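Below: one structure, written as structure tokens.
It should be emphasised that the depicted structure is a prediction, and the values quoted were computed from it without experimental measurement.
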Amino acid sequence: MSGIRPLIFGNGKILICEDEKGTIRDLYFPYVGLENHGNSIKVGVCDLDTLYCSWLENWKIRQRYKSEFGEEFCSRILESSGDHDEAKAGEGYAKDKSIEGIPEACKRSVSNIGETVFENSELGLRVTVWETVHPSVNIFCRTFEVRNISNSSRRLRLFSNQNYRILEHKIGETAVIDKHALIHYKRNRYFLHASEPVFDQHAVGTAEWKGLEGTWKDMEIDANLSGNPVAHGSVDSTLGWTLPELKPGEATKVHYWIVFGKNYCSVLKVHKRVKESGKRDLFHYNFNFWHSFIERVSVLPEYAWMPQLPEKVVKCFYRSLLTAVAHMDIKGSVIASCDSDIKQFGADLYTYCWPRDAAWVCLALDRARYHHLSAETFEFFSKTITPRGNFLHKYTPAGDFGSTWHPVPMIQIDETGLPLYALYSNWEIARSVWTTGRYYRCLVIPAANYLTKAIEKDTGLPIPSFDLWEERKGVHTYSACTVYAGLRGACELARSLGDYGNADIWKRAADRVKESIIKRLYDNKLKRFRRSLEEATLDSSLFAVWYFGVLPPDDPRVVRTMEAIERELLRPSGGIARYLHDSYYGYMNSWIICTLWLSQWYSAIGNLERALELLEWCAAHTHPTGLMSEQVDDRGRPLSVLPLAWSHSAFVLAVLEYLQALEKREGGVCGLPGK
């Protein structure tokens, strides 16, 4: 299992990722997924009587997003909303058995506030860390609560070590103490660190250079820091707080924050605002913002049926929505994963925007009524589409062409069909002529014309290109279905704007592709669809035949294909593999998205019991924080990256489609279009 990122915090301009040991590893700024300045921010504690020192990353750990809040916290929320009488003032954090008097908004909430509990029985200490990113200002805030759980009084010192790789390497950095703040910088990237109470020890120095490991060694030697105020080159820093003496059971807190900016004046200005407004307000503001954000789901026609879902599935739905959004840059890019531990195909990462993955996120966001967010991604698409009208392999969050292992012309044709289909889906749900009109000439016309020209005369299918798994070149069923869906969507968009000439051209092209998919890609001997013209391998992506409307979900050819997928690709853990004999990260691991595709099909044909079983399987195989990996091995362990934005967007879609089917079965009328 690669290193995972169970906790992530972002606001569209910065994204911070914490590993399974509670160490901050990734700090993306000023794009979500581009310029990872992270390396390590870790915390330690020293006993000043014994000089025994330990880093928290070696302690027993429990990570989650905070879901229960005490009365004191909630009373602050009610004060800000003007509703003072629903909560009682109190101390401490709520437990399951003692949450009476706390408003519903604060019970079992889905927040973006991380809560990590470290415990060390040898030291007799418990350290709880609450952390979050401000929704609109580039501030990362952490609060450390150090609690004495031993039977004797303790004199302690808390430490935080910062080791960056600004602009992704350590050469030419500077770290400097300026009064009560610590600043790391290089060129126009500044990171200011401050705290309340103010740190009373500090050291900056050389790290990872000519045998010098870093200032964190000072802590381990004698629990004292050198006080050196400035260093340059390959540097790190350590801050220390001498805590008040703690009697058994007592606790104390340290509030610590990092401000991100592009010059000294900008980070100092934000820092002063934090000092004036109060650190605790950052947590309240974050809670209110994201609580209001997910409340938008209540406008959905399916919302009334949410109580029918198991609590774990509901929590994963909201966490999936927040996680997908966390992978979005404010300028429209959607990275596949923020987990930088992955080294895919010769030391490359998942921190690119694949048009395919981004289109799936758009489909989920539009289905959940977050049209303003998908519109930002359509803007990104409009700026990255080539003059020929197609999309290339992948892009950086800044919109530059990303690295590739594909030879020229570097095309995966589904990555042109899917964005077009996503824009059509936006129109189908939102009916926003503004969005459709804005992107019609710069996105719809060039992409639809490209797809029309990419249909081969002999076969009626798209030209060969790499498949969605990016492993083989050919004429693939999944790719052909997305081309059909994109052209059909373009036809409907053209009609909505009165462009009947293009609508007719694209309809004829879509009909031809549909006819050829049914004629050439269905195997009469196997009684199911083939992966491609070139090979008949069973592949879970064949769900595309019904999902994109080539055939209805209850068509016998679809039914036999989906039954074969479940029969032959079902794994011992209960999930679904990508395809027969897949060897990526192990033999035929389950994929979250493939499992959800089967759930979506069962919802579409009305077998809601099996659909829910598969949803519950996915929810059961999340990390305790609620984040989903790309793959799950046969023993149920996450593999490859965690989180994966595509897994989360697929979960949002699968849940909403299940609820729509449930409403239909129970006699309701759902306002969303069916497949």
Side-chain angles (χ1 to χ4, degrees), residues 18-19 21-25 27 37-59 118 120 122-125 127 129 140 142-146 148 154-166 169-186 191-246 252-258:
E18 183 176 307
D19 71 12
K21 294 184 177 181
T23 299
I24 301 298
R25 291 296 183 188
L27 295 99
H37 310 287
N39 185 13
S40 168
I41 298 179
K42 61 182 181 179
V43 179
V45 174
C46 285
D47 186 309
L48 297 180
D49 292 319
T50 64
L51 296 185
Y52 179 86
C53 300
S54 178
W55 296 104
L56 270 56
E57 62 185 12
N58 300 316
W59 294 16
F118 301 90
N120 187 316
E122 185 177 357
L123 271 173
L125 296 175
V127 178
V129 183
F140 176 49
R142 311 184 89 186
T143 292
F144 306 100
E145 180 190 77
V146 182
N148 179 6
R154 312 299 298 278
R155 294 193 313 116
L156 305 166
R157 188 168 286 149
L158 180 72
F159 292 92
S160 177
N161 174 258
Q162 296 73 220
N163 189 348
Y164 291 100
R165 286 182 178 148
I166 302 178
H169 62 85
K170 290 198 67 62
I171 304 301
E173 296 179 7
T174 298
V176 58
I177 298 292
D178 185 353
K179 297 179 182 177
H180 300 311
L182 160 71
I183 300 173
H184 281 251
Y185 74 91
K186 183 195 297 182
F191 309 98
L192 181 149
H193 312 71
S195 65
E196 184 184 277
V198 174
F199 52 86
D200 59 349
Q201 292 222 340
H202 66 263
V204 298
T206 302
E208 302 178 19
W209 183 255
K210 293 188 175 180
L212 295 174
E213 296 178 80
T215 57
W216 56 271
K217 294 294 291 184
D218 291 353
M219 182 202 92
E220 294 185 348
I221 294 170
D222 60 2
N224 281 288
L225 302 178
S226 68
N228 186 49
V230 63
H232 72 104
S234 180
V235 302
D236 80 334
S237 65
T238 305
L239 301 176
W241 298 266
T242 304
L243 306 179
E245 183 174 345
L246 297 178
T252 189
K253 293 180 181 178
V254 172
H255 305 284
Y256 163 95
W257 59 93
I258 305 174

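Listed for the R157 side chain is no donor-acceptor partner under 3.5 Å among the backbone atoms of M219. E173 places no side-chain N or O within donor-acceptor distance of the main-chain N or O of H184, the cut-off being under 3.5 Å. Proximity of a side-chain donor or acceptor of D236 to a complementary backbone N or O of G214 within less than 3.5 Å is not detected. Counting only distance, with no hydrogens or angles, the side chain of K170 and the backbone of V235 share a donor-acceptor pair below 3.5 Å. One N or O on the side chain of N161 and one on the backbone of S237 form a donor-acceptor pair closer than 3.5 Å. Put simply, the side chain of K217 never gets that close to the backbone of L212: no donor and acceptor are under 3.5 Å apart.
By the 4.5 Å heavy-atom criterion applied to side chains, F118 and V43 are not counted as neighbours. Looking at H255 and S195, their side chains never come closer than 4.5 Å, going by heavy atoms from C-beta outward. With contacts defined as side-chain heavy-atom distances shorter than 4.5 Å, the pair N163/E208 qualifies. Side-chain contact between V45 and L125 is present, with at least one heavy-atom pair separated by less than 4.5 Å. A heavy-atom distance below 4.5 Å is found between the side chains of L239 and Q162. Contact of the L123 side chain with the D47 side chain is registered, since non-hydrogen atoms from C-beta on lie closer than 4.5 Å. For the pair I41/R142, a side-chain contact is recorded, criterion being any heavy-atom separation below 4.5 Å from C-beta on.
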### Query
How far apart are the C-alpha atoms of W55 and E220, what are their side-chain angles, what is the distance that settles it, and do they pass the side-chain hydrogen bond (donor to acceptor under 3.5 Å, both in side chains) test?
CA-CA 9 Å; W55 296 104; E220 294 185 348; 2.8 Å; yes
### Message
The test is side-chain hydrogen bond (donor to acceptor under 3.5 Å, both in side chains); show your working for T143 and E145 and say whether it passes.
### Response
CA-CA 7 Å; T143 292; E145 180 190 77; over 6 Å; no
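Classification of the W241-Y256 ring pair by plane angle, with boundaries at 30° and 60°, yields perpendicular. Y164 and F191 have parallel rings, their planes meeting at less than 30° on a 0 to 90° scale where 60° marks the start of perpendicular.
Nearest heavy-atom pair across V204 and A231 is CG2-N, 3.7 Å. Contact detail for G44 and L56: the closest heavy-atom pair is CA-CD1, 3.8 Å.
The one candidate from L158, D218, N224, T238 that meets the side-chain contact (heavy atoms from CB on, under 4.5 Å) condition with Q201 is N224.
Environment of NE2 in H169: crowded, with over 12 heavy atoms of neighbouring residues, nucleotides or ligands closer than 6.0 Å.
For K42 and W216, the positive end sits near the middle of the six-membered ring, less than 6.0 Å away and at most 45° from its axis.
Side chains of T242 and D200: a donor-acceptor N/O pair is present below 3.5 angstrom, by distance only.
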